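The structure presented is a predicted model; accordingly, all values stated were derived computationally and were not measured.
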Amino acid sequence: MGLKQQALKISMTVAGAGLGAGLTIVAGALILGLGASQAPAQDKEARAATATMPPINDGLPMPGFEITRGNTALVITDPQNDFLSPKGVTWGVVGQSITSNGTVDNLAALFDVAKRTDMPVFVSPHYYYEHDHKWHFEGALERLMHSIGMFDRPDALSLEGFEGSGADWLERYKPYINDGKTVVTSPHKIYGPDSNDLALQLRKAGIDKVILGGMSSNLCTESHMRSLIEAGFEVMVVTDATAGAITEHYDGYAASLTNFRMIASAIDNTENTVRAIEAAHGM
């Protein structure tokens, strides 16, 4: 088949299979970011990605991400009280972004669809033990996290004071995480999974594709995206299932959104991702 015939076939497949709001079903569930109508992307007005809307004609390639059974997993970073609860120690800087993106509800929706479809779920948590507070040097946000007691636990073998603490899971997610099926990795210590066993656990489970969400967007979530891609995993990011710190001078979420778009195979919102997961599992 010549190049022109191949291009025509791809174009016809995409246009004919459009399901709206950013996804197309082609031999599985392929997230393409086509926009809200059934018109092909090339006929639509350009739009940069936002937390809740995938990009259209933004000048960058759209590799796409096909959700396939057995080798695609949901990975959630830091679904913990210190990030996601109004009582958490970071709520003053992340609360605006979490509320605007609907992050708490969207993470619940991803957990729910993964459990309904029996998609493997992995949680990469963040814990600090007493010996971690004796490090000789820190980055800016590391120092902040240590100074405010974020994710603190007495030690690796004790759950004393864990229930309901900032290090504990958000109560709403406990039925999903504590169901005996979710893989909870060892804790990451800075931002990425380089210091924990996430990549090992994914490989051992036969996973090579990751749908990524969680906290915090420009720190742990982005670092997980980068590290997993460097390790050979195919990654898409659910842009409204994460959020970032916003301060007087900096917007962590805006920074991460640019990098998600430029680095991941695909980005999309929770609603479209849930539909694609359901479609890939025949629902």
Side-chain angles (χ1 to χ4, degrees), residues 19-23 29 31 33 36 49-54 67 72-126 164 166-179 181-182 184 210-222 224-225 236-246 251-254 256-257 260 264 266-281 283:
L19 295 182
L23 54 96
I31 294 183
T50 68
T52 58
M53 297 294 286
I67 299 170
T72 305
L74 176 67
V75 172
I76 303 298
T77 58
D78 300 355
Q80 295 163 265
N81 286 326
D82 269 344
F83 268 138
L84 293 165
S85 169
K87 297 179 180 179
V89 295
T90 66
W91 187 259
V93 290
V94 300
Q96 176 185 343
S97 184
I98 289 172
T99 302
S100 176
N101 292 357
T103 306
V104 172
D105 288 342
N106 291 329
L107 285 172
L110 291 176
F111 275 126
D112 179 71
V113 72
K115 296 302 179 180
R116 287 191 288 109
T117 58
D118 205 27
M119 173 180 280
V121 178
F122 296 76
V123 171
S124 179
H126 207 148
D168 196 5
W169 316 126
L170 196 71
E171 191 69 28
R172 183 173 178 180
Y173 303 150
K174 288 184 179 181
Y176 303 118
I177 298 174
N178 298 335
D179 67 348
K181 296 181 178 180
T182 296
V184 178
V210 167
I211 298 171
L212 180 63
M215 293 296 289
S216 168
S217 64
N218 64 312
L219 301 174
C220 299
T221 314
E222 182 179 327
H224 277 66
M225 173 193 70
M236 74 155 292
V237 180
V238 187
T239 49
D240 56 359
T242 183
I246 298 175
D251 187 332
Y253 181 77
S256 65
L257 184 61
F260 292 154
I267 61 174
D268 212 329
N269 60 39
T270 299
E271 181 180 2
N272 291 341
T273 304
V274 167
R275 290 176 184 169
I277 293 171
E278 290 173 338
H281 291 82
M283 297 178 65

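Within 6.0 Å of the NZ atom in Lys174, the count of heavy atoms belonging to other residues, nucleotides or ligands exceeds 12.
When atom types are taken as modelled, the side chain of Asn269 and the backbone of Asp240 share no donor-acceptor pair closer than 3.5 angstrom. At distances below 3.5 Å, at least one donor-acceptor pair connects side-chain atoms of Thr90 with backbone N or O atoms of Asp82. A donor-acceptor contact shorter than 3.5 Å links the side chain of Thr50 to the backbone of Met53. Panel note: side chain Asp112, backbone Ala108; no donor-acceptor pair is recorded below 3.5 Å. A donor-acceptor pair under 3.5 Å is formed between the side chain of Asn106 and the backbone N or O of Asn101. Under a 3.5 Å cut-off, the side chain of Thr221 and the backbone N or O of Gly214 do form a donor-acceptor pair. Under the 3.5 Å distance criterion, the side-chain polar atoms of Ser97 are left unmatched by any main-chain donor or acceptor of Ala243.
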(Q) For a side-chain contact (heavy atoms from CB on, under 4.5 Å) check, start with the C-alpha distance between Thr72 and Ile211, then their side-chain angles and the critical distance, and finish with the verdict. (A) CA-CA 7 Å; Thr72 305; Ile211 298 171; 4.0 Å; yes
Q: Evaluate the side-chain contact (heavy atoms from CB on, under 4.5 Å) criterion for residues Thr239 and Tyr253: first the C-alpha distance (whole Å), next the side-chain angles of each, then the deciding distance (0.1 Å), finally the verdict.
A: CA-CA 10 Å; Thr239 49; Tyr253 181 77; 3.7 Å; yes
Q.
Is there a side-chain contact (heavy atoms from CB on, under 4.5 Å) between Leu110 and Thr273? Walk through the geometry before answering.
A. CA-CA 8 Å; Leu110 291 176; Thr273 304; 4.1 Å; yes
Q: Decide side-chain contact (heavy atoms from CB on, under 4.5 Å) for Leu84 and Thr103; before the verdict, give the C-alpha distance in whole Å, the side-chain angles of both, and the deciding distance to 0.1 Å.
A: CA-CA 8 Å; Leu84 293 165; Thr103 306; 4.2 Å; yes
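Interatomic distance, CD1 of Ile246 versus CG of Asp251, reported as 4.5 Å (0.5 Å rounding). Atom CD of Glu222 and atom CG of Leu212 lie 10.5 Å apart (nearest 0.5 Å). Taking OG1 of Thr242 as the reference point, atom CE of Met225 lies at 10.5 Å (rounded to 0.5 Å). One distance of note links CE of Met215 with CG of Leu170; it measures 11.0 Å at 0.5 Å rounding. Between the CD atom of Gln80 and the NE2 atom of His126 there is a distance of 8.5 Å, given to the nearest 0.5 Å. Distance check: Leu257 CG to Ser217 OG gives 8.5 Å after rounding to the nearest 0.5 Å.
Between Thr117 and His281 the shortest heavy-atom distance is O-CD2, 3.4 Å. What you find for Leu74 and Ala114 is that their closest heavy atoms are CD2-CB, 3.9 Å. The minimum heavy-atom distance between Gly213 and Leu107, with the atom names listed, is C-CD2, 4.2 Å. Shown here for Ala264 and Ile267, the closest heavy-atom pair between the two residues is CB-CG2, 4.3 Å.
Counting heavy atoms from C-beta outward, Phe111 and Ile76 have side chains that approach closer than 4.5 Å. The closest side-chain heavy-atom distance from Val104 to Tyr173 is below 4.5 Å. Contact check for Asn218 versus Phe260: no side-chain heavy atoms found under the 4.5 Å cut-off. Counting heavy atoms from C-beta outward, Val89 and Phe83 have side chains that stay 4.5 Å or more apart.
Ion pairing of Glu278 with Arg275 is absent here, as no side-chain N (NZ or NE/NH1/NH2) approaches a carboxylate O to less than 4.0 Å.
Checking each of Asp78, Asn81, Val184 against Trp169 for a side-chain contact (heavy atoms from CB on, under 4.5 Å) leaves exactly one that passes, namely Val184.
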